Amino acid sequence: MIANFGYKDGSGEFYIAIDTDKCNGCGDCIPACPSHILALRDNEFDPMADDQMVVILDEFRKKIKYACAACKPDHAVHSLPCVNACAPVAITHSW
Amino acid sequence: MAKEFWRWKEYNWKNEDISWKNGSTISAGIDVGSVSSQAVILVDGELYAYSSMRTGSDSPKSAENAMNWALDGTEMTMQNIHYVVGTGYGRVNVPFANKTITEIACHARGANTMYGPTVRTILDMGGQDCKAIRCDEKGKVTNFLMNDKCAAGTGRGMEVFADLLSVPIEDIGPLSFEVAEEPPPVSSTCVVFAKTEATSLLRQGWPKNKVIASYCSAMAHRVVSLLERISVENDFVITGGIGKNIGVVKRITDELGANTLQSKYDTQIAGALGAALFGRALAEKERK
Ligand code: SF4
Ligand code: SF4
C-alpha cells in the first residue's frame, strides 16, 4: 500500500508517501528526522494484518511543508535524512 | 426560528426480512464523523439495521445516540452485539467499541460491499475532509491520500452554501443543472471566500441557479485536482454526504470521464458498514 500523508493547497503539493510493501518496520528513519514527525505504528489501514508501518504523526500532517523546512529550506532537491536512512527505499517526497 | 436550509434528513432503517435471533455473529460499526454519525448492524454480514444522524458537540453521546436509534424497534440490545468497531474522526470517543479502525480502511471495505468488487477508486467526501482511496477486489486499501486542510469539497462547505442561498441542501444538486449554459466555476471553494464571492455574484444579478452551478463546478474541479496524485481507476464511486449531491457528483465524473456505480444504500453509511464488516471478521477471528 502507498500511504500519502500531507496535503495539496494553493502553494503546492506536499505529500510524504510511505510504501508499506517496502517498509520493514526497522525504525531507522525515526531518529534521523530532526523534526520528529515520524513514528512506528500498527498498520491501521489493514486491520486484519498484524504488521507495523511508519506514519507521519497526526499533528504534523497539515503542516508538513513547514515541518520539513528543516531539511529543505529552499525547496531545492536535497538529500533528505529520512530517505537516506531507509535502506528499502520506502519513503518518497512529492516536493 | 429561521429555516435551516442546511439541515438534511436524519433517519433509521431496518431489514424486516432478517430475524436476528437466528444469527450467529452480530456486529456493529459506528462512524462518528465531524458532521454526521452513522451506526450499522450486521447479522452474519447481512445488513440488518442502520441509522444516520447529526454529530452533536459530545462525540461519545453521538455514538450512543446513533447506536440506539439503529437498535430502535429491533428488540436487540447492546448485549446481543458480539463486536463493535468505531471509526471516523471521533472514533476514539466510541465508549463501547471493542476496537477502532481508521475510516480509510472502513470506507474501502464498505464500498466493496455496497458497490461490488469492481470498485477500484473511492472518493469519500465527508463533513470536513476529502479522502481518495484505491483498493483491490477484496476492498483492501492499496493507495490513499486525504485532504483535511480546508473545508472545500466537503459537506460542511455545502451546508454553509445552502444556508447562504436559502436553498434546501437536497435541492442544490438538481437546481445546479437548471441553467442555460454551464457558468465558469467560482474561483474559490474555500468556505469563507466562496461565501463572499457568491454574495457578490448574487448582487451582480446572477440567478441563484447559476451561482449554484458555479459553486458545484468549483467543488468538483477542486476535488478532481486532488485525485490526480492517486490516478483514478474504474469503477469509481463517491461516498459520504456529497455522494448524494448529483450537481457535484456528475461534474466530477464528467471531468474524470470515470465510470461510476450506484448503490441501493445510502452513500453516507460506507464507513460504518465497513467497520461492521471488520467487526464480524474480528469476532470470528477471536472465536477461533
Ligand atoms: S524531510 Fe527531514 S523533517 Fe521531513 S520527514 Fe524527512 S527527515 Fe523529517
Ligand atoms: S527506515 Fe524505511 S523501512 Fe525502516 S521503518 Fe523507516 S520507512 Fe520503514
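Quick note on labels: first sequence line is chain A, next is B, and so on, each numbered from 1. Here the structure is a predicted model, which is why all the values come from computation and not from measurement.
More than 12 non-hydrogen atoms from other residues, nucleotides or ligands lie less than 6.0 angstrom from CD of B/Glu137. Within a 6.0 Å radius of NE2 in A/His93, other residues, nucleotides and ligands contribute more than 12 heavy atoms. No more than 12 heavy-atom neighbours from other residues, nucleotides or ligands sit within 6.0 angstrom of NZ on B/Lys138.
Among all heavy-atom pairs drawn from A/Phe45 and B/Ala105, the shortest one is O-CB, 3.4 Å.
In this structure, OH on A/Tyr15 lies 9.5 Å from CD1 on B/Ile230, to the nearest 0.5 angstrom. Note: A/Phe5 CZ to B/Leu145 CG = 11.0 Å, rounded to the nearest 0.5 Å. Annotation: the span from B/Ile133 atom CD1 to A/Asn4 atom CG amounts to 12.0 Å, rounded to 0.5 Å.
Looking only at side-chain heavy atoms (C-beta outward), A/Met1 and B/Val141 come within less than 4.5 Å of each other. At least one side-chain heavy atom of A/Met48 sits under 4.5 Å from a side-chain heavy atom of B/Phe278. The shortest side-chain heavy-atom distance between A/Glu44 and B/Ile101 does not fall under the 4.5 Å cut-off.
A/Lys8 contributes a side-chain N or O that, together with a main-chain N or O of B/Ser225, makes up a donor-acceptor pair within less than 3.5 Å.
Interface remark: of the candidates B/Arg229, B/Lys140, B/Glu103, B/Arg229 forms the most heavy-atom pairs closer than 4.5 Å to chain A.
Interface remark: B/Thr102 contributes backbone and side-chain atoms alike to the contact with chain A (heavy atom separation under 4.5 Å).
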Show, in sequence, the C-alpha distance, side-chain angles and deciding distance for A/Arg61 and B/Met146, and conclude whether the side-chain contact (heavy atoms from CB on, under 4.5 Å) test is met. CA-CA 10 Å; A/Arg61 290 180 194 171; B/Met146 43 187 145; 3.8 Å; yes

